[in-house]
Amino acid sequence: MKFWKIFTNGLVNENPLLVLMIGLCSSLAVTTNVANGIGMGLSMTFVLMMSELFISLFRKLIPSSVRIPIFIIIIAAFTTIIDYVLQAYFPDLSASMGLFIPLIVVNCIIMGRVEAFASQQPIIDVIPDGLGMGLGYTWVLVAISLVREILGNGSILGYNVLGSGYTPILFFALPPGGFLVFGLFMSFGLFLRSRISSNTVDQNKAGCH
């Protein structure tokens, strides 16, 4: 039960993009197509999970005064691993995402979770946290990428889905389009949370009577 609660927390209640609103720059930059969204999301999930695991495992051995440099070294090690894997096995995807893969090392989502959670919690709890936060980040990236690629190019994963008669809307392939789509997702998320909160309050009032 605790595993599931921590896992779903990252997916919805404390989603790093839609709720915490951190790590936005790289998210908006790489979401021009679905392949980039999947690649960036899974890369982040791998680095986040492995960094949280190692930091939780050695948390009692890491001196508090030098914990931040050590955290950065651990995150950089796993970022380098995923960067080399992408260059070796997915060179086109690696080239498409450019510097944003190496820049995972300074992504504030990872720094925030290792400092606030992994450095204080046992491994059994950081596994669902890393997985939930990573997949919560991934599903939002893929959703934004899906909208931008369909409207901006008329395709999904490079395959034309709107037919030859469709005229791509260039706006959605550019940064302003990314901001607009992300803003719409945020607004929809706020609307859903406010409705859920309102329904919960109404049910509690009804229960009191």
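- A distance of 12.0 Å separates CG in Leu151 from CG in Leu170, rounded to the nearest 0.5 Å.
- For the pair Ser51 (side chain) and Leu48 (backbone), a donor-acceptor distance under 3.5 Å is absent.
- A heavy-atom distance below 4.5 Å is found between the side chains of Phe171 and Pro176.
- Residues Leu190 and Val147 fall into different hydrophobic clusters, defined by Ile, Leu, Val, Met, Phe, Trp and Tyr side chains chained together at heavy-atom separations under 4.5 Å.
- Within 6.0 Å of CG in Leu99 there are 12 or fewer heavy atoms belonging to other residues, nucleotides or ligands.
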Test log, rule side-chain contact (heavy atoms from CB on, under 4.5 Å), inputs Leu184 and Phe188: CA-CA 6 Å; Leu184 293 174; Phe188 185 65; over 6 Å; no

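- Nearest heavy-atom pair across Ser155 and Gly158 is CB-C, 3.9 Å.
- By the neighbour-count criterion of 12 heavy atoms within 6.0 Å, atom CG of Leu157 is densely surrounded, having more than that number from other residues, nucleotides or ligands.
- When the options Leu93, Val47, Asp83 are evaluated for a side-chain contact (heavy atoms from CB on, under 4.5 Å) with Ile101, the one that passes is Asp83.
- Taking CG of Leu28 as the reference point, atom CD1 of Ile144 lies at 6.5 Å (rounded to 0.5 Å).
- Annotation: side chain of Ser145 is not in contact with side chain of Thr32 (no heavy-atom distance under 4.5 Å).
- Between the side chain of Thr45 and the backbone N or O of Gly134, at least one donor-acceptor pair lies under 3.5 Å.
- Formation of a donor-acceptor pair under 3.5 Å by the Arg148 side chain with backbone atoms of Leu174 is found in this model.
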Residue pair Gln87, Ser94: steps toward the side-chain hydrogen bond (donor to acceptor under 3.5 Å, both in side chains) verdict: CA-CA 6 Å; Gln87 289 183 35; Ser94 176; 4.8 Å; no

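- In plain terms, the two heavy atoms of Gly10 and Pro16 that are nearest each other are O-CD, 3.7 Å.
- No chain of hydrophobic side-chain contacts below 4.5 Å, direct or via other Ile, Leu, Val, Met, Phe, Trp or Tyr residues, connects Trp4 to Ile124.
- Between Ile150 and Leu146 the shortest side-chain heavy-atom distance falls below 4.5 Å.
- In this structure, OH on Tyr84 lies 12.0 Å from OG1 on Thr79, to the nearest 0.5 angstrom.
- Across every non-hydrogen atom of Val19 and Asn13, the tightest pair is CG1-O, 3.3 Å.
- In this structure, the side chains of Trp139 and Val142 stay at 4.5 Å or more apart for every pair of heavy atoms.
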From CA spacing to verdict: side-chain contact (heavy atoms from CB on, under 4.5 Å), Val106, Met111: CA-CA 7 Å; Val106 293; Met111 282 302 299; over 6 Å; no

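- Atom CE in Met44 sits 13.0 Å away from atom CZ in Phe100 (nearest 0.5 Å).
- In terms of heavy atoms, Cys108 sits closest to Gly23 at SG-N, 3.4 Å.
- The closest side-chain heavy-atom distance from Leu17 to Phe182 is below 4.5 Å.
- Interatomic distance, OH of Tyr137 versus CG of Asn15, reported as 11.0 Å (0.5 Å rounding).
- The shortest non-hydrogen separation linking Gly136 to Leu11 is N-CD2, 3.5 Å.
- Ile73 and Ile62 fall into different hydrophobic clusters, where Ile, Leu, Val, Met, Phe, Trp and Tyr are joined by side-chain heavy atoms under 4.5 Å apart, directly or via other members.
- Within the 4.5 Å cutoff, the side chain of Val161 has no heavy atoms near those of the Tyr166 side chain.
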Verdict with reasoning, Ser119 to Arg59, per side-chain hydrogen bond (donor to acceptor under 3.5 Å, both in side chains): CA-CA 5 Å; Ser119 64; Arg59 68 187 188 283; over 6 Å; no

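- For Asp129 (side chain) and Leu131 (main-chain N/O), no donor-acceptor pair under 3.5 Å exists by modelled atom type.
- Note: Phe3 and Phe7 have parallel aromatic rings, judged against thresholds of 30 and 60 degrees for the angle between ring planes.
- Taking CE from Met40 and OG1 from Thr138, the interatomic distance works out to 10.0 Å, rounded to the nearest 0.5 Å.
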Chi angles and distances behind the side-chain contact (heavy atoms from CB on, under 4.5 Å) call for Ile127, Leu53: CA-CA 7 Å; Ile127 292 174; Leu53 277 174; 3.7 Å; yes

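- Here the side chain of Glu149 pairs a donor or acceptor atom with the backbone of Val34 at under 3.5 angstrom.
- In this structure, the side chain of Ser56 engages the main chain of Gln121 through a donor-acceptor pair within 3.5 Å.
- With contacts defined as side-chain heavy-atom distances shorter than 4.5 Å, the pair Ile6/Lys2 qualifies.
- At least one donor-acceptor pair closer than 3.5 Å links the side chain of Ser187 to the backbone N or O of Gly183.
- Met97 is listed as a side-chain neighbour of Leu86, based on a closest heavy-atom distance under 4.5 Å.
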CA sep, side-chain torsions, deciding dist, call: Glu115, Ile68, side-chain contact (heavy atoms from CB on, under 4.5 Å): CA-CA 8 Å; Glu115 169 69 4; Ile68 298 299; 3.8 Å; yes

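- For the residue pair Ser96/Asn36, the side-chain donor-acceptor check at 3.5 Å is satisfied.
- Shown are Ile123, Val114, Ile74; of these, the side-chain contact (heavy atoms from CB on, under 4.5 Å) with Phe54 is made only by Ile74.
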